Every structure is written in structure tokens, then in C-alpha cells.
Amino acid sequence: MSSESEKSNQDSQKETLVEIKNLSTHLNTGNEIIKAVDGVDLTIKKGETFCLVGESGSGKSILALSIIQLLPEKISSHPNGEILFNWRKQAELGLDKKAEFENVNMLELENEQLYKIRGSRIAMIFQEPMTSLNPVASVGEQIMEALLLHHPEMAEESAKARAIKAMQDVKLKDAESRFNNFPHQLSGGQRQRIMIAMALACEPDLLIADEPTTALDVTVQAEVLKLMRELQQRKNMSILFITHDFGVVAQVADKVGVMKQGKLVEFGETKQVLRKPAHAYSQKLLAAVPENLPKREIEYTKTEALVTTKNLDVYFPIRKGVFQRVVDHVRAVDDVSVDIHQGKIVALVGESGSGKTTLGRAILQLQKPTRGSVKISGNELVGLSEKEMKPWRKKMQISFQDPQSSLNPRLLIAKTITEPMQVHGIGNSDEERLELAAEVMEAVQLKRDFLWRYPHEFSGGQRQRIGLARALALNPEFIVCDEITSALDVSVQAEVLQLLLEIRKQRDLTLLFITHNIAVVEYLCDETIVMKSGKVVEQGLTADVCGNPQNAYTQKLIAAVPRLDKALP
């Protein structure tokens, strides 16, 4: 018997933990009923990782929240279907193979029994730990709270010891001293580890992980995925993993389900779905993965440097004591000298805290440098007053990571785009500026009449295009793109990447593309700069930096990238 058929036979013999039958979840928005989940059948076996993929709005998170019954009763309903969960009834911590199990329908349970299951037998990790953790309680106390809620008989000393053990299990360094830290004192990766520790402290049978690695650096993501696999194998836990990253799917999933508009359009073994997808929608999603996009032939011609930094420093003071004396500095950007050539797309990569965004802001003079030089077209910017900087603001623009927070929710898109034009004296009248705004909307492939809408009326991908339109409205020479594709679906990301290439060609734009997505860098960027701890550790042509990295840190970054071809035989 082949290894694949042996694995298939072993999987079929596994006990079923969750069985979803013909589930529908409707959301009542007041004006209409949205069929967020529409007739889904799904089975998750014990000890299995099931990945759920699909674009935003496909119903992935609603399905997960339906399983754990966290949707508000006033706006949600289940017209039909069952969610059968084979729950472990014993109250004591510690996996007991002789434990009593009972098959229950989650949709029919009273609140009292739901409280026993939710958080204890089914736990959930959310996408953004900073908004999920209580900012005024220490992370250790929050893990203890989860334990004591489900095990009120436990002494506080035991709960604290178990909380510290949970923090050690997720490989959080100095767990005892970190116990009293507040969420804001931890990095993104550390906060995500706390969320995993909290979820696993009560030893659940099912862990629902909703985009738990989307906002993490590629190296931290690799560590978190490895950690989750180790904990799963040790505790024989099932995982429902929601993501839009097919590289992650290839790395962690036993089975894959693809959702579109509330329906499960494809389901099967990971290798089968990713290598030979049957449904047209699955094929479209996989075709949009950066490594599957048509390879660009980069004819690299050396051009003059448009932007140059020399020995650039940005230091932030560390103050201590009653008199807040400066005792040291955070060297966010430390002696950085780079050239960004005319008409090129240059990637700036590195882990969180490496200084990428600070360098981008210092180039634009949104953050005043401590020392050094920034020149555009040979003109020095460091030391200029705000009045002297105004003409250069028109030539240098930025597009932010989160367009939802960077667009004023009370302004029409027309006002958002025409206001900077008016400030910089572009257009002789409001009518002329509106026409220019309409043209720039068309340039980012949006309709003219979208000018008369508000930001909340658009999808994430559309808002990202509007952010680009606002930057392009002043006809700049140079744009800093700060993580503009990190939160986008894979298909929308592909569209934005193609759009950037087209705009660059039409306008001879120069782009500094800040990202932690190496696959995007390999597809989009001509050159790559790698930063670590405020310093540039490697720079050069993207093909050289990503294909044959010389620095150990760059090698570590490249090796951590989850790829379809690496994970699947």
C-alpha cells in the first residue's frame, strides 16, 4: 500500500469531532437578509487540521462563529442545519482517554451548557490580538481568568502556575517575568503567543484559528505555525484554520475547504485541492498566488538615483527617572545609505521593528531625521522648514497600510481627492479638480461616480485603490507604499500588484514598497533593501537578494516564506 493511500486509510479511521450538516446562517441587516452561510456540509476529524479559504465576505469567519455560537442572537439565525460536536464531558484538566463523550447539536444547547463548551472544549484565536486582549489587565491575569472561569475549584496559585506553564508551552521567553506585562508591552508575535496560550490553557478539543498569522512577520509566522503543530500533536487537538495564504495552507492543512458567497464550493485532501483544483473559483484563487502569477521579464537598465539617503539616523530618546533624563536612544534608523533609482520599484523588507516604516517616513520628512542626508533629484530635504517642504510634498506621496483609518469617514471621496489638489494649487476651479479626480479614479480602475460615496461603502481592495488615487492626484514622482497589500485577499492583491505595474509604466513613477511578503517582492520589485535593527544588511537586484541571499538574516527571511512548491511534493 502506498504512503498516500495509507494516510487516507488512517484519516478515514479517525473519529469525527465536528460534523456540520446543511448549515445555513442568516444575518439580518435591517433592510435585507444575508445568507452568510448557505447549506454547508463539513466534517472535522479528531487530531486533524482543516483549512478554510476564500475571499473576504465568503462566510469563513461566520461559519467559525456559528460553530462556537458567538454570533449576536438579535441579528443572526440558523433556518436549518446541525452542528454536531462530540464533546468531552469531564471537568478535570489533563487529557483522559477514558473520558465520557457526548454528541450534541450546538444549535440546540442552552446557555449553561454552551458556557461549559465555549472556551473550554472549543477555543478561538482571533486575527488581531491587540483588540482581543484586555489593555488594562496583565496577560498572565487574562490566562488565569480563562482557567478559573471554567475551573472555579482551582486555587489561584495553581491557576497562576498553569498560566505560566501555558506561556512556556508557547515558547514565550521569560514567562514568569512576562506574566505581569500588559498587552502593549509585547510585540505582535508575543501577543499572538499569549492568545494561543489562553486558548490552549483549558486543553480544548477544537481550536479555531481565524487568520492568526496574517499580520505577523514571515519568521514569526513560521515559529507560530510550528508551535501550533507541535501543540496539536502533543494534545491530539483538531484545528479549524481560517486563512487566505495558500502557502500556509500547504504547510499546515490535512484537508481544505474553499468557500464562496456562503457555500463550500470545494473540499478535499490538501494536495488534491492545491495541485488539481476542480472548481473554477479555486482555480482563480490559486492562479492569483504571487508565485503562480505570470513571470515578468525584468530588463534592468540602470537609471539615475531619484532619492538618496546618506548616513541617515533616526533616534528616539529613552527617558527614565523623576526628571525624565535621556539615558539611551532607540536607533530606529541607524546610518542608512541607499539609492532609489528613477522608475524602479524598490522593496524594503525586514521584521517588525526593523525600521522600515521609520525610514520611509524619514525620506518623506514626516519624521525628522536625527542626522544625515535625504535628497530628491539632488535637492537636500533635511533641515527644510514646513514652508520650504511644501513644493516637495507634491512630488512625494504615501499610501498607507490601512485605508480604513487613513480615509476620513465623514468626507466624500471627491473631497478626499480634491482637497490636496486645492492645497497645492492644482486645477483652476472645483470643476477642473473634479474632472482630474475622476480621471485618477479611472486610472486605478474605479468608476467616476464612486467619487460621491463615503469610505465605508467600499470593500478593502477598493479603499486601497482610493488611497492610491489620493496619492496619484498630485502627480508625484515618488510614492512610499507601506504594507498596502498585507490585509488583502489573494485575488485582490494580484489586481493591486498589476495596477501598480501599470501605473508605474504610464507615469514613470518610482515606488518604495514596504512589505514583509517576500513572494510579492519577488513578483513586483526590481530591487530589494533588507533591514534589521535599523541597519541595511543587504541590498541589490531582487533576483540576487531573494535568489541568492548573502546575509544570514536575509537567508533566514527567505527560508521562512511558506510556499506551495516547498510544502507540496
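Note that this is a predicted model, so its numbers are computed, not measured. Residue indices begin at 1 and follow the sequence shown. Values reported hereafter were calculated over all heavy atoms of this structure, with side chains retained and with hydrogens, waters and symmetry mates removed.
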Inspect the contact between [Y] and [X] and indicate whether a charged nitrogen and a carboxylate oxygen are less than 4.0 angstrom apart.
X	Y	answer
D313	R371	yes
E522	R563	yes
R470	E419	no
K276	E269	no
E380	K310	no

Does [X] reach the side chain of [Y], with side-chain heavy atoms less than 4.5 Å apart?
X	Y	result
F241	L225	yes
V336	M531	yes
L306	F478	yes
L407	I466	yes
M195	L133	yes
T308	S373	no
T309	V333	no
H516	E351	no

| side chain to side chain contact (heavy atoms under 4.5 Å, CB included) between I503 and Q445, intermediate numbers included | CA-CA 11 Å; I503 291 171; Q445 298 168 10; over 6 Å; no
Within the side chain of [X], is there an N or O that forms a donor-acceptor pair under 3.5 Å with the backbone of [Y]?
X	Y	answer
D334	R331	no
T418	R433	no
R504	L511	no
Q367	T358	no
H279	Y281	yes
T528	V545	no
K556	T219	no
Q550	N548	yes
D489	V492	no
D210	F126	no

Which pair of non-hydrogen atoms, one from [X] and one from [Y], has the smallest distance, and what is that distance?
X	Y	value
F513	L497	CZ-CD2, 4.4 Å
Q462	L446	O-CD1, 3.9 Å
L286	P277	CD1-CG, 3.6 Å
V249	T270	O-CG2, 4.0 Å
P290	A519	CB-O, 3.6 Å
I242	S61	CD1-CA, 4.2 Å

| said: As a quick check of understanding, evaluate salt bridge (charged side-chain N to carboxylate O under 4.0 Å, His left out) for K394 and E477, giving each step before the final call. | reply: CA-CA 9 Å; K394 189 164 64 171; E477 297 176 23; over 6 Å; no
| Chi angles and distances behind the side chain to side chain contact (heavy atoms under 4.5 Å, CB included) call for V382, Q365 | CA-CA 7 Å; V382 175; Q365 298 299 293; 4.0 Å; yes
| request: Step by step, work out the salt bridge (charged side-chain N to carboxylate O under 4.0 Å, His left out) result for R507 and E502. | output: CA-CA 9 Å; R507 299 182 175 226; E502 195 174 315; over 6 Å; no
| task | Tell me, please, which residues at least two apart from K375 pass salt bridge (Lys or Arg N to Asp or Glu O under 4.0 Å). | result | none
| Any chance the rings of F450 and F458 have centres within less than 6.0 Å? | yes
Taking atom [atom1] of [X] and atom [atom2] of [Y], what is their separation to the nearest 0.5 Å?
X	Y	atom1	atom2	value
Q221	D245	CD	CG	5.5 Å
N475	I426	CG	CD1	7.5 Å
M228	E230	CE	CD	12.0 Å
M259	L264	CE	CG	6.5 Å
K226	L231	NZ	CG	11.5 Å
L312	I363	CG	CD1	7.5 Å

| said: Quick check on side-chain hydrogen bond (donor to acceptor under 3.5 Å, both in side chains): which of Q192, R193, K171 does E223 satisfy it with? | reply: R193
| message | What verdict does the side chain to side chain contact (heavy atoms under 4.5 Å, CB included) test give for L501 and Y523, after you've listed the backbone C-alpha separation in whole Å, the side-chain angles of each residue and the deciding distance to 0.1 Å? | response | CA-CA 10 Å; L501 288 170; Y523 172 73; 3.8 Å; yes
| Step by step, would you call S58 with Q261 a side-chain hydrogen bond (donor to acceptor under 3.5 Å, both in side chains)? | CA-CA 4 Å; S58 62; Q261 295 176 348; over 6 Å; no
| query | Knowing that exactly one of L359, V307, I514 qualifies, which makes a side-chain contact (heavy atoms from CB on, under 4.5 Å) with V480? | reply | I514
| request: Using side-chain contact (heavy atoms from CB on, under 4.5 Å) as the criterion, point out the one residue from V536, L348, L557 that pairs with V530. | output: L557
| request: Verify side chain to side chain contact (heavy atoms under 4.5 Å, CB included) between I484 and L500, making sure each step is shown before the conclusion. | output: CA-CA 11 Å; I484 65 170; L500 285 172; 3.9 Å; yes
| said: Test salt bridge (charged side-chain N to carboxylate O under 4.0 Å, His left out) on K260 and E266; report intermediate values, then the result. | reply: CA-CA 9 Å; K260 180 188 180 186; E266 187 156 1; over 6 Å; no
Assess whether atom [atom1] of [X] is packed by more than 12 heavy atoms of other residues, nucleotides or ligands within 6.0 Å.
X	atom1	value
E457	CD	yes
E304	CD	no
K505	NZ	no

| task | Start with the C-alpha gap between D482 and K356, add the side-chain angles, then the distance that decides, and say whether salt bridge (charged side-chain N to carboxylate O under 4.0 Å, His left out) holds. | result | CA-CA 9 Å; D482 191 0; K356 305 187 302 293; over 6 Å; no
